[in-house]
Amino acid sequence: MPGPDILAATEQILSAFTPERPNLIPILQAVQGKLGYLPRSAMQAIAGYLRIAPVDVYGVVTFYNQFRLNPPGKHSVKVCLGTACHMKGGYIALDAWQRRLGISPRQTTPDREFDLDTVACVGCCTMAPVTVVDGKPEARVDPTRVDGILLSFGREPPAKDQK
Amino acid sequence: MKTVTLTIDGKVIKARAGEKLLWAALENGIYIPNLCAIREREEPDASCRLCWVEVEGQSDPVPACAIGVQEGMAVSTKGEKALALARAAFELLMASHALDCAHCQANGRCELQKIAKVLKCSLKPKRLRLLLRDLPVDDSSPLFSYDPNKCVLCGRCVWECRKHREKAIMGFAHRGFERRLTTFADEPIGADRCLDCSECVKVCPTGALTLK
């Protein structure tokens, strides 16, 4: 989305709120709801409207997992790191996702196909370690399963890993 | 103004009614380790967990920055229970501190060195494995350097920044172990910002913010 649209959308949302600090989170949620993420220019506009420092908006945005700084990808990959998944190797699954997608948690692949995120328990611990792919929980995700899931999206594992 | 009389480590002192214990002690020359305490702040942050003291009649230690003085209070800053808590907090801080006193500008005036001395513990944590943050040093400002690896997240500079500017440059962002003092969008401070102000450097208790 080009720049002027972002500002127009942000300003339209801002006009529905009074310029008070307690409105910061509802504003951020509304802007993200509209744009899918929180662009830099939107955060600056919000800071200006609430008369607070941009860094304070940034602090809130980076604190909560629900806010994102880049446009969402087509598919969402959420790796559970809750207690059960942690014990069952959730970090190994996360590591595999990071390596295969080439991104860190809270990032999107350059081709905008995949988002990588972590969550702290999705409530199906018997399936640990769990990765929720496009809303569907995948059970017992190990690096091989990561490749399998990616294959179902048409992504071949890198050739050097195939024996 | 109403004053109250209390004793700290056997020393009788007078303090303004409603004053917090930490400030009453510091004003009377009794040092209690602290990092996050800011006097002008209405409510204490009480996040560094270093200013533990024991108050007679209370079974558990209390943070001195959050407790108001009371008439006849008897306080000990040297109780073993309080010191054990403060040492634990200090060790946790030091477990992710890039310790390099010999090459650090803050060497000699560093509050971490002072606190280690008061708590009678080493600057290097004994019970904990080191977990360093390994973040890049921001050298972009012509006035000062910022080394996040030496920052203890006390918030003094953040408070100071808000006092001296209409729109603060520095603030905290990210969460948990990733939390750090930073600027909007984690940009470098840069060659053009903060040219007329380096108040944050003056209040930094460690070598995280240093003048060039």
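Keep in mind the model is a prediction, meaning the values are calculated, not measured. Numbers restart at 1 for each chain; the letters A, B, ... are given by sequence-line order, proteins then strands.
For the pair B:Arg175 and A:Phe63, the tightest heavy-atom approach, listed with the atom from each and the gap, is NH1-O, 3.0 Å. Heavy-atom minimum distance, A:Val55 versus B:Thr182: CG2-O, 3.6 Å. Contact record, A:Pro54 with B:Lys167: CD-CD, 4.4 Å, taken as the closest heavy-atom pair.
Separation of atoms CZ (B:Arg180) and OG1 (A:Thr62) is listed at 8.5 Å; rounding is to 0.5 Å. One distance of note links CG of B:Asp186 with OH of A:Tyr58; it measures 3.0 Å at 0.5 Å rounding. A:Asp56 CG to B:Arg162 CZ: the interatomic distance, rounded to the nearest 0.5 Å, is 4.0 Å.
Applying the side chain to side chain donor-acceptor pair (under 3.5 Å) criterion to B:Arg16, with sequence neighbours excluded, gives B:Glu19.
Within a 6.0 Å sphere centred on CD of B:Glu166, other residues, nucleotides and ligands contribute 12 heavy atoms or fewer. A:Arg51 CZ: 12 or fewer foreign heavy atoms inside a 6.0 Å radius. Within a 6.0 Å radius of NZ in B:Lys20, more than 12 heavy atoms belonging to other residues, nucleotides or ligands are found. With a 6.0 Å radius and a threshold of 12 heavy atoms from other residues, nucleotides or ligands, B:Lys163 has its NZ atom above the threshold. Other residues, nucleotides and ligands contribute at most 12 non-hydrogen atoms within 6.0 Å of the NE2 atom of A:His86. Other residues, nucleotides and ligands place more than 12 heavy atoms under 6.0 Å from the CG atom of A:Leu151. A 6.0 Å sphere centred on NZ of B:Lys212 holds more than 12 heavy atoms belonging to other residues, nucleotides or ligands. In the displayed structure, B:Glu43 atom CD is contacted under 6.0 Å by at most 12 heavy atoms of other residues, nucleotides or ligands.
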task = Go through the steps to decide whether A:Arg40 and B:Glu187 satisfy the test salt bridge (Lys or Arg N to Asp or Glu O under 4.0 Å), and finish with yes or no.
result = CA-CA 12 Å; A:Arg40 194 195 150 85; B:Glu187 285 163 349; 2.5 Å; yes
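Within residues 107-129 of chain A, no residue has any heavy atom closer than 4.5 Å to a heavy atom of chain B.
With a threshold of 4.5 angstrom between heavy atoms, A:Ile52 approaches chain B through N, CA, C or O but not through any side-chain atom. Heavy atoms of B:Arg179 lying under 4.5 Å from chain A belong exclusively to its side chain.
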